[in-house]
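In what follows, a structure is listed as structure tokens, so that the remarks can point back to it.
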Protein chains: 2
Amino acid sequence: MVDNRLDATFTALADPTRRGMLAALAEGEKAVSELAAPYRMSLAGAAKHVGVLARAGLIERRKVGRRQLCRIRADRLKDASEWLAQWERFWTTRLDALESALKEDRT
Amino acid sequence: MVDNRLDATFTALADPTRRGMLAALAEGEKAVSELAAPYRMSLAGAAKHVGVLARAGLIERRKVGRRQLCRIRADRLKDASEWLAQWERFWTTRLDALESALKEDRT
DNA sequence: AGGATAGTAAACCATATGGTTGATAATCGA
DNA sequence: TCGATTATCAACCATATGGTTTACTATCCT
């Protein structure tokens, strides 16, 4: 199912630690321990989060020496974004309705 | 935290039943039992999913007679969409890189 | 009034999740 | 070679999640 990928993607995005890690990776490739550093959490714990991101396909890892460099893989993020874009019609019509309601108020 | 809202939103979106319910609500307001109908699941189980969507702020409920009519509240979906839009630069540069790689292949 | 319908609430169960610690492996640097 | 660094793995724990069933309330219909 295509759905399973969205499940994993949204599940991965549902945790602030993991969203923070993605934000950190926006600056460029980072090793697991660098990703872990900002969090009051054991390295093993943080590495689990990295694993969730990797299994969801949101990041790639490559081993360089003893470090495991991670970088963002944009395509899954794009899938999620496109799913959400489906709903754009809703909020735009919502905003349109709000706008005309406001206009009506002023007349 | 603003983050907590994103947590709840993405958690709610991480389940295919709940995404399906949102899709059903795209056609218009629906009662809980109507939302539940497509799923091989007890009404109580489905109602829990509706509760998750409501607590995440993705839907609103209003009681009409003995029915509980639900409709989409677009703003939270929009929040999630905007969070994801942050990453647009990533996949566009990715696609650009892919494109030039393909071009290079052909020369 | 009394039965069917719509929904919630509570108790329960199995499994998933987020975290810990401790052990181990691989690599770097002196 | 030896110690420190980087990371994974396994076992474990508490809590959350997705589902069930049973019981109950509220509303509608005849």
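Values below: every heavy atom of this structure, side chains too, minus hydrogens, waters and symmetry copies. Each chain gets a letter, A, B and so on, in the order the sequences are listed, and its residues count up from 1.
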Length of the line joining [X]:[atom1] and [N]:[atom2], which is rounded to integer Å:
X: B:Asp7; N: C:dT17; atom1: CG; atom2: C1'; answer: 13 Å
X: A:Met41; N: D:dT8; atom1: CE; atom2: P; answer: 15 Å
X: A:Tyr39; N: C:dG18; atom1: OH; atom2: P; answer: 14 Å
X: A:Leu53; N: C:dT17; atom1: CG; atom2: P; answer: 13 Å
X: B:Lys48; N: C:dT8; atom1: NZ; atom2: C1'; answer: 12 Å
X: B:Ile59; N: C:dG7; atom1: CD1; atom2: C1'; answer: 13 Å
X: B:Leu35; N: C:dG7; atom1: CG; atom2: P; answer: 9 Å
X: B:Leu43; N: D:dA26; atom1: CG; atom2: P; answer: 17 Å

Counting the atoms with a prime plus P, OP1 and OP2 as sugar-phosphate, which does A:Ala31 contact under 4.0 Å by heavy atoms, base, sugar-phosphate, or nothing?
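A:Ala31: backbone/sugar contact only, no base atoms under 4.0 Å.
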Considering every strand and a 4.0 Å limit on heavy-atom distances, what is the contact class for A:Gly65: base, sugar-phosphate, or nothing?
sugar-phosphate
On DNA chain D, more 5' by nearest nucleotide between B:His49 and A:Arg67 is A:Arg67
Output yes when A:Glu29 and A:Arg62 qualify as a salt bridge under the 4.0 Å nitrogen-oxygen rule, no when they do not.
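Salt bridge between A:Glu29 and A:Arg62, a charged N being under 4.0 Å from a carboxylate O: yes.
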Short N-O contact, A:Lys78 and B:Glu88, less than 4.0 angstrom:
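Salt bridge: no.
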Sub-4.5 Å side-chain heavy-atom contact between B:Leu53 and B:Met21:
yes
Report yes if some heavy atom in the side chain of A:Arg19 is under 4.5 Å from a heavy atom in the side chain of B:Leu6; otherwise report no.
yes
State whether [X] places a side-chain N or O below 4.0 Å from either non-bridging phosphate oxygen (OP1 or OP2) of [N].
X: A:Ser33; N: D:dA7; value: yes
X: B:Ser42; N: D:dG19; value: no
X: A:Arg18; N: C:dG18; value: yes

Where the side chain of B:Gln68 is concerned, which of D:dG19, C:dG7, D:dA7 is the nearest nucleotide?
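Closest nucleotide among those given: C:dG7.
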Donor-acceptor contact present, side-chain B:Arg73 to main-chain B:Leu58, <3.5 Å
no
Using heavy atoms to find the nearest nucleotide of DNA chain C for A:Ala44 and B:Glu34 separately, return the residue whose nucleotide is more 5′.
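Closest to the 5' end, via its nearest nucleotide, is B:Glu34.
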Take A:Val64 and B:Arg61, find for each the nucleotide of DNA chain C with the closest heavy atom, and name the residue whose nucleotide sits nearer the 5' end.
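Between the two, 5'-proximity favours B:Arg61.
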Does a distance-only test, which skips hydrogens and angles, find a donor-acceptor pair under 3.5 Å between the side chain of A:Arg66 and the base of D:dT6?
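Flag unset: no donor-acceptor pair detected.
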